[in-house]
> 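Here it is, the structure, as structure tokens.
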Protein chains: 2
Amino acid sequence: MKNGPRQRATIIDVAERAGVSKSTVARVLAGSASISDEARDRVLKAVAATGYERNHLAVGMRSGRSGMLGLVIPDITNPFWAEVARGAQDRAAKDDISLLVFSSDWDAGTEATHLRALRRARVDGAIINPVADNFDDLDRFGLPFVFIGSSAERFPDTLSVGSDIAQAVRLGMDILVERGHPAPALMLGPRSRLARARFLRAVHEHCIARDIDPDILLVEESDYTVEGGRKAMGRLLAGPWRGSRAVFVANDLMALGAMIAVREAGLRCPEDISILGFDGIPAGAFSWPGLTTIEKPGRQIGIRAVECLLDQIAGRPEHGRIFLPCRLVERGSLADVSASVAVRTAAGR
Amino acid sequence: MKNGPRQRATIIDVAERAGVSKSTVARVLAGSASISDEARDRVLKAVAATGYERNHLAVGMRSGRSGMLGLVIPDITNPFWAEVARGAQDRAAKDDISLLVFSSDWDAGTEATHLRALRRARVDGAIINPVADNFDDLDRFGLPFVFIGSSAERFPDTLSVGSDIAQAVRLGMDILVERGHPAPALMLGPRSRLARARFLRAVHEHCIARDIDPDILLVEESDYTVEGGRKAMGRLLAGPWRGSRAVFVANDLMALGAMIAVREAGLRCPEDISILGFDGIPAGAFSWPGLTTIEKPGRQIGIRAVECLLDQIAGRPEHGRIFLPCRLVERGSLADVSASVAVRTAAGR
DNA sequence: ATGAAAGCGCTAACAA
DNA sequence: TTGTTAGCGCTTTCAT
């Protein structure tokens, strides 16, 4: 049990050993041109010999650039956000930038605390999934930042990277129609969430384009959890049901819950009820049947967010709002009744 | 799109505004006792008025404490490691410490790069799941650190926090016996992994204690992935099978794969084959049947690792190696055949 | 091409 | 109790 620190070499040690001045060493390290080969050589050797490693704290202090970025997401334990974090990490590492990662738990107070920590740590910028309704600290935040995720929509004037929900919904409705479910039931999140409105709007747009009355769609509401999805599906199953037996669920966790409810009701998915999810969480691959879903580009969001932030910090032209396309992941939860839809509808309860 | 930085107040601004010296401000900020109420009052007011926030870079530079810790795990996208990260984050936040998180992808080179980044960032210490076989940089690492996870076992002389695999295996074998599967098949990870040996050793110890010949246990080998587990289960199903039809799988991903293979073979879990997993990943809750498994205390590991590291940094008595107990999570993948084991065995293929 | 020196924001002696 | 001062390790003029 001896793992302890040691005295670290500074630029002065290197300078002494190389027989040059601090400034020369700094120049070599910075890759400056005006350096004699001989000097550079001796400095490099001295660096190797002393095991010198630049002190980023000192650099940051002098230059005003800490070489760190902050990432504030709701919960690193949530697979989607973990993907985002991973993308951000990888992209940042490319530029030799470190990431300070925080989980806000969807709590405005916690978020505020984390943002303060980021400011004190003097990160060069931050990527944030905002939870506070009114980000009034926004102006006072005093740091370059980029918003990510659907909650960023509350701030249309702010740089942000998110998934293209409208495109995703279109993708979902299209495959549903193709499989013979032109009027699926909808299982949405809580009214308070902005993503819900956006989801619903996209569905309406689709319906209108297809000449379907959006109001004939059954709508059930839940809370984005497995248990919530289970209960909501129970309600759906207990009520009247028009059209083909398919549900477009606004999040995978609820979809998984819905699947359980179907089984509990003695029915089968997809034979009796088709389920289409939304998110692309890994667990969807292991359910039975596998969950057909729309996958959000989590990793890409992380990557683009870092790039966007870096550009902003460097004063490069800004990007505005970026919406990344989602992808259909076909597994087994969607039945194809396009050939027999009339029959099935008649036979339905 | 106006989110930009601003000029930040320094301790000098505060001092001027309060009409005191820098040192007085610093003292107030540090909570020093020797301060007149009047001075404290004026400083506090000035702090509020200027919106002053301590510059951690500067503090770190002067004091040698950056207030940051490093966390290097294989992959933040892996639910177990995400749990660990979350635990570490939460514990660190309590002490107002920030976490630099890196994913090594089980690659020694990547790990080395990340460790270098941590050193340059002058973190006060690091929590590492070591991937390098020989951590020969260990002495040269030059930072207080704590190892986490099973790979830490390669370094018995080093502070570490991990799960108690022996206890976990005992837990698993006990429930297996209780349910009438005294001699389950074993699905293990690759030979190269240290966790495998430890797992196997614990099984042997159990067997010997129960007077069972360990060699009668069927052993299949795979690679800790879902697909690997699926294939391995296929092999198991194709071969001869002694005793009750139960498999103790050394990781949940493989267990989920095994479940799929069972279904593909036209069999049912748990009626035909019982499966016991190991890890406690969330996806296990959504499979059908739910995966009965042994859950590793991921979050606790993160928490304890930070505490252990902080203690080490502060020079408090060290902890040595810590093994945290695992927990049985009962879902539906384990049949109870204790009453009818003789019959079933006879009926088995 | 190189060195000397100032200073980033803060803490910690040392004086007063 | 308070102020003065000397750096922490580095970058960056400004001279040379």
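Below, chain A is the first sequence line, B the second, and so on; all start at residue 1.
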> Let me see the working for B:V72 and B:L115 under side chain to side chain contact (heavy atoms under 4.5 Å, CB included), right down to the final yes or no.
CA-CA 8 Å; B:V72 184; B:L115 294 182; 4.0 Å; yes
> Using modelled atom types and a 3.5 Å cut-off, is there a donor and acceptor pairing between side-chain atoms of A:E111 and backbone atoms of A:V131?
yes
> Using atom names, set out every protein N or O paired with an N or O of nucleotides 6-9 of chain D below 3.5 Å, distance rounded to 0.1 Å.
from: D:dG7; atom 1: N2; to: B:R62; atom 2: NE; distance (Å): 3.3
from: D:dG7; atom 1: N2; to: B:R62; atom 2: NH1; distance (Å): 2.7
from: D:dG7; atom 1: N3; to: B:R62; atom 2: NH1; distance (Å): 2.9

> Side chains of residues 302-311 of chain A: which donor-acceptor partners sit under 3.5 Å, not counting sequence neighbours?
from: A:E307; atom 1: OE2; to: A:R91; atom 2: NE; distance (Å): 2.9
from: A:D311; atom 1: OD1; to: A:R316; atom 2: NH1; distance (Å): 2.4
from: A:D311; atom 1: OD2; to: A:H319; atom 2: NE2; distance (Å): 2.7

> Describe the nucleic acid contact of B:A39 in one word from base, sugar-phosphate, nothing, applying a heavy-atom distance below 4.0 Å.
sugar-phosphate
> Which one of A:I127, A:V161, A:I322, A:N129 satisfies the side-chain contact (heavy atoms from CB on, under 4.5 Å) criterion with A:I301?
A:V161
> Side-chain contact test, heavy atoms from C-beta onward, threshold under 4.5 Å: evaluate it for B:R120 versus A:D96 and give yes or no.
yes
> Atom NZ of B:K22 and atom OG1 of B:T10: how far apart are they, to the nearest 0.5 Å?
8.5 Å
> Any side-chain N or O of B:S36 below 4.0 angstrom from OP1/OP2 of D:dT2?
yes
> Would you mind reading off the distance between A:R42 atom CZ and C:dT2 atom C1', rounded to a whole angstrom?
12 Å
> Check side chain to side chain donor-acceptor pair (under 3.5 Å) between B:T24 and all other residues, then give those that pass, not counting sequence neighbours.
B:S21
> Sort me out a list of protein N/O and nucleotides 14-16 of chain D N/O pairs below 3.5 Å, or just none if empty.
none

> Can you list the residues that meet the salt bridge (charged side-chain N to carboxylate O under 4.0 Å, His left out) rule with B:D107, with sequence neighbours excluded?
none
> Identify the stems formed by DNA chain C, where each pair is Watson-Crick or G-U wobble with both distances under 3.5 angstrom and a stem is at least 3 consecutive pairs.
C:1-16 with D:1-16
> What is the distance, to the nearest angstrom, from the NE2 atom on B:H56 to the C1' atom on C:dC8?
17 Å
> Ignoring hydrogens and angles, answer whether the base of C:dT2 and the side-chain atoms of A:S34 contain a donor-acceptor pair closer than 3.5 Å.
no
> Going through the distances and angles, do B:K45 and B:D41 end up as a salt bridge (Lys or Arg N to Asp or Glu O under 4.0 Å)?
CA-CA 6 Å; B:K45 279 209 180 70; B:D41 218 56; 3.0 Å; yes
> Would you call the rings of A:F145 and A:F141 parallel, tilted or perpendicular, taking 30° and 60° as the class edges?
perpendicular
> Is any side-chain heavy atom of B:V25 closer than 4.5 Å to one of B:Y52?
no
